[in-house]
A.B. asks: 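One structure coming up, written as structure tokens, with questions to follow.
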Amino acid sequence: MTWQGLIQHYENYLPVTENTPKLTLNEGNTPLLHFPSLSEELGIELYGKIEGANPTGSFKDRGMVMAIAKAKEEGSKSVICASTGNTSAAAAAYAARAGMRAIIVIPKGKVALGKLAQAVIYGAEIIEIDGNFDEALQMVREISETSPVTLVNSVNPYRIEGQKTAAFEICDSLGSAPDILAIPVGNAGNISAYWKGFKEYHEEKQTGLPQIYGFEAEGAAAITKNEPIAQPETVATAIRIGNPASWDLATAARDESNGIITSVRDEEILYAFKHLPKTEGVFAEPGSNASIAGVIQQCKAGNIPQGSKVVAVLTGNGLKDPQTVQENQEIEPVSLPNDAAAIKQYIEELTSH
Ligand code: F0G
């Protein structure tokens, strides 16, 4: 049967009723890709869960299809969220699909250009504030309590329900849970969703449980440091979050799975951001590469046994953030005359060594 999206495929695992609209943009069913080069380099068996292959280019589509379908089912006409970019892109797309209004509140100047373009083109109402994500989230939480708008940040439990399906897919692809699941941590919804998914699937199908390894950006590492960060900063704007809403669920995932939550420096993130596309042909956004950076870091520190089966979640597509490429990599094409002979000569020199 052809894939028809998460609500259809996983209806027995999701809070779906006969009144839930069968909303879909064909999200989910993303590739689990083996990484042969990095596996050899690190002495492990490494896979990437390519969430950038979702319809709006991030894992947020999994949660958003559920949250918006339920909002529609409940008769809501407008949804609201705070976002570092990907949540707003997903909210805007699914709201458009469902014939609803999306209102998004974003931190001014700190949302990658591709994500902002998505929100614009899908027709969202965009509000930017001179503040960070945590402040924006605080505002929309309060507003949604008294105004006729449904909150679709990951504090909405339907978001977590939709996002847990990625864990199901990993177990189905591998035949069981991996030894370690490495995942970026921002607002901490996704790490919580994966752990819920692994536990539920294990109960149903005895697929086993992974250790959860969560990675925050060092300048926004509230859980790692065990205190909120008032002014979070990182090149990985997706996870530039100083007071994660699902903090307690994330530490529960860490502790119950005998895992860790630690941080990676911006340099480590940028190294992974550039290394992954060159070695494996996979371009993921900076925030996503917190997982790869974390795996490299933990392998070097001897905290991941050789031969371990590790899945790194690559949460968002690299195309969303061309600025970070421009700012961190020289873009200098060789300029040659419009002349076949000159180009041929250049290529022959290139291929001669
Ligand atoms: N990776 C990407 C690409 C993200 O966009 C986010 C979160 C995360 C990882 C972290 O996931 O928040 O569940 O721990 N982005 C949110 C947003 C905050 O607004 O798009 P988390």
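The first residue in the sequence is number 1, and the count goes up from there. In each ligand, atom 1 is the first atom listed, and ligand 1 is the first ligand listed.
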A.B. asks: Within a reach of under 6.0 Å around NZ of Lys22, are more than 12 heavy atoms found that belong to other residues, nucleotides or ligands?
C.D. replies: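 Enclosed: over 12 neighbouring heavy atoms sit under 6.0 Å from NZ of Lys22.
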
A.B. asks: Is Lys60 paired with Glu51 through a side-chain N to carboxylate O contact shorter than 4.0 Å?
C.D. replies: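 Here Glu51 does not pair with Lys60 in a salt bridge, since their nearest N and O are not under 4.0 Å apart.
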
A.B. asks: Decide whether an N or O pair under 3.5 Å exists between Gly186 and ligand 1.
C.D. replies: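 Looking only at distances, the answer is yes, because the N/O contact criterion of under 3.5 Å is met.
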
A.B. asks: Is it true that atom NZ of Lys77 has more than 12 heavy atoms of other residues, nucleotides or ligands lying nearer than 6.0 Å?
C.D. replies: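 Count not over threshold, so no.
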
A.B. asks: Compute the ring centroids of Tyr201 and Tyr13, then answer whether they are less than 6.0 Å apart.
C.D. replies: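 Close enough - the centres of the two rings lie under 6.0 Å apart.
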
A.B. asks: Could you list which atoms of ligand 1 come closer than 4.0 Å to a heavy atom of Ile241?
C.D. replies: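 Once the distances to Ile241 are compared, the set is 18 (C).
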
A.B. asks: Can you confirm if the aromatic rings of Tyr47 and Phe35 lie within a centre distance of less than 6.0 Å?
C.D. replies: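 Aromatic pair excluded; centres sit 6.0 Å or further apart.
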
A.B. asks: Considering both backbone and side-chain atoms of Gly189, is one of its nitrogen or oxygen atoms within less than 3.5 Å of a nitrogen or oxygen in ligand 1?
C.D. replies: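 Yes - when backbone and side-chain N and O of Gly189 are compared with those of ligand 1, one distance drops under 3.5 Å.
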
A.B. asks: Which heavy atom of the protein is the closest neighbour of atom 4 (C) of ligand 1, given with residue, atom name and distance?
C.D. replies: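 Going atom by atom, the protein heavy atom closest to atom 4 (C) of ligand 1 ends up being Ala238 CB, 3.5 Å.
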
A.B. asks: Return the residue, atom name and 0.1 Å-rounded distance of the protein heavy atom closest to atom 16 (C) of ligand 1.
C.D. replies: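 Nearest protein contact, heavy atoms only, for atom 16 (C) of ligand 1 is Lys60 NZ, 2.8 Å.
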
A.B. asks: Consider ligand 1: state whether an atom of it lies below 4.0 angstrom from any non-hydrogen atom of Ala188.
C.D. replies: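 Yes; Ala188 lies near enough to ligand 1 that a heavy-atom distance drops under 4.0 Å.
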
A.B. asks: Does Lys225 come within less than 4.0 Å of Glu227, counting only side-chain N to carboxylate O?
C.D. replies: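 Glu227 and Lys225: not salt-bridged.
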
A.B. asks: Short list, please: which atoms of ligand 1 are under 4.0 Å from a heavy atom of Glu285?
C.D. replies: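 The list of qualifying atoms is 3 (C).
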
A.B. asks: Can you establish whether the number of heavy atoms outside Glu203 located under 6.0 Å from its atom CD is more than 12?
C.D. replies: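 Atom CD in Glu203 is not packed in, count stays at 12 or less.
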
A.B. asks: Could you tell me which atoms of ligand 1, counted from 1 in the order shown, lie closer than 4.0 angstrom to a heavy atom of Thr84?
C.D. replies: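 Answer, ordered by atom number: 15 (N), 16 (C), 17 (C), 18 (C), 19 (O), 20 (O).
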
A.B. asks: Going by the order shown, which atoms of ligand 1 are within less than 4.0 Å of some heavy atom of Thr87?
C.D. replies: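 With Thr87 as reference, the close atoms of ligand 1 come out as 16 (C), 17 (C), 19 (O), 20 (O).
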
A.B. asks: Give me the nearest non-hydrogen protein atom to atom 11 (O) of ligand 1 as residue plus atom name, then the distance to 0.1 Å.
C.D. replies: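 Going atom by atom, the protein heavy atom closest to atom 11 (O) of ligand 1 ends up being Phe59 CZ, 3.5 Å.
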
A.B. asks: Please list, in number order, the atoms of ligand 1 under 4.0 Å from a heavy atom of Asn86.
C.D. replies: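 Per the distance check, 2 (C), 3 (C), 4 (C), 5 (O), 20 (O).
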
A.B. asks: What atoms in ligand 1 come closer than 4.0 Å to a heavy atom of Ser83?
C.D. replies: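 So the answer, numbered in order with elements, is 17 (C), 19 (O), 20 (O).
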
A.B. asks: Between Ile239, Thr315, Ile183, flag the one that comes closest to atom 8 (C) of ligand 1 by a heavy atom.
C.D. replies: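 Result: the heavy atom closest to atom 8 (C) of ligand 1 is in Ile239.
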
A.B. asks: Indicate yes or no: does Lys196 engage Glu161 in a salt bridge with an N to O separation below 4.0 Å.
C.D. replies: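 Looking at Glu161 together with Lys196, the answer is yes, because their closest N to O distance falls below 4.0 Å.
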
A.B. asks: Quick check: Ser288 and ligand 1, any N/O pair under 3.5 Å apart?
C.D. replies: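 It does not: no N or O of Ser288 is found under 3.5 Å from an N or O of ligand 1.
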
A.B. asks: Assess whether a salt bridge exists between Arg240 and Glu216, defined as any Lys/Arg side-chain N lying under 4.0 Å from an Asp/Glu carboxylate O.
C.D. replies: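 Salt bridge absent between Arg240 and Glu216.
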
A.B. asks: How close does the nearest protein non-hydrogen atom get to atom 12 (O) of ligand 1, and which residue and atom is it?
C.D. replies: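 Ranked first by proximity to atom 12 (O) of ligand 1 is Asn187 N, 2.7 Å.
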
A.B. asks: Quick check on contacts: which atoms of ligand 1 are under 4.0 angstrom from a heavy atom of Val185?
C.D. replies: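 Atoms satisfying the 4.0 Å criterion: 14 (O).
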
A.B. asks: Taking Glu27 as the fixed residue, which of Asn54, Thr165, Ile7, Thr56 is the one that meets the side chain to side chain contact (heavy atoms under 4.5 Å, CB included) rule?
C.D. replies: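 Going through Asn54, Thr165, Ile7, Thr56 one by one, the side chain to side chain contact (heavy atoms under 4.5 Å, CB included) with Glu27 is satisfied by Asn54 alone.
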
A.B. asks: Looking at Glu40, I want to see if its CD is surrounded by more than 12 non-hydrogen atoms of other residues, nucleotides or ligands under 6.0 Å.
C.D. replies: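 No, CD of Glu40 has 12 or fewer neighbouring heavy atoms, counting only those of other groups under 6.0 Å.
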
A.B. asks: Looking only at N/O atoms, are Ser88 and ligand 1 under 3.5 Å apart anywhere?
C.D. replies: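 No, since none of the N or O atoms of Ser88 sits under 3.5 Å from an N or O of ligand 1.
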
A.B. asks: Is there at least one pair of N or O atoms, one from Lys115 and one from ligand 1, spaced under 3.5 Å apart?
C.D. replies: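 Such a contact does not occur with ligand 1.
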
A.B. asks: Of all heavy-atom pairs between Tyr94 and Thr24, which one has the smallest distance, and what is that distance?
C.D. replies: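 Nearest heavy atoms, Tyr94 then Thr24: CE2-C, 4.4 Å.
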
A.B. asks: Of the side chain and backbone of Ile191, name the one, both, or neither that has a heavy atom under 4.0 Å from an atom of ligand 1.
C.D. replies: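 Answer for Ile191: neither.
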
A.B. asks: Which residue holds the protein heavy atom closest to atom 13 (O) of ligand 1, what is that atom called, and what is the gap in Å?
C.D. replies: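 Here the closest protein heavy atom is Asn190 N, 2.8 Å.
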
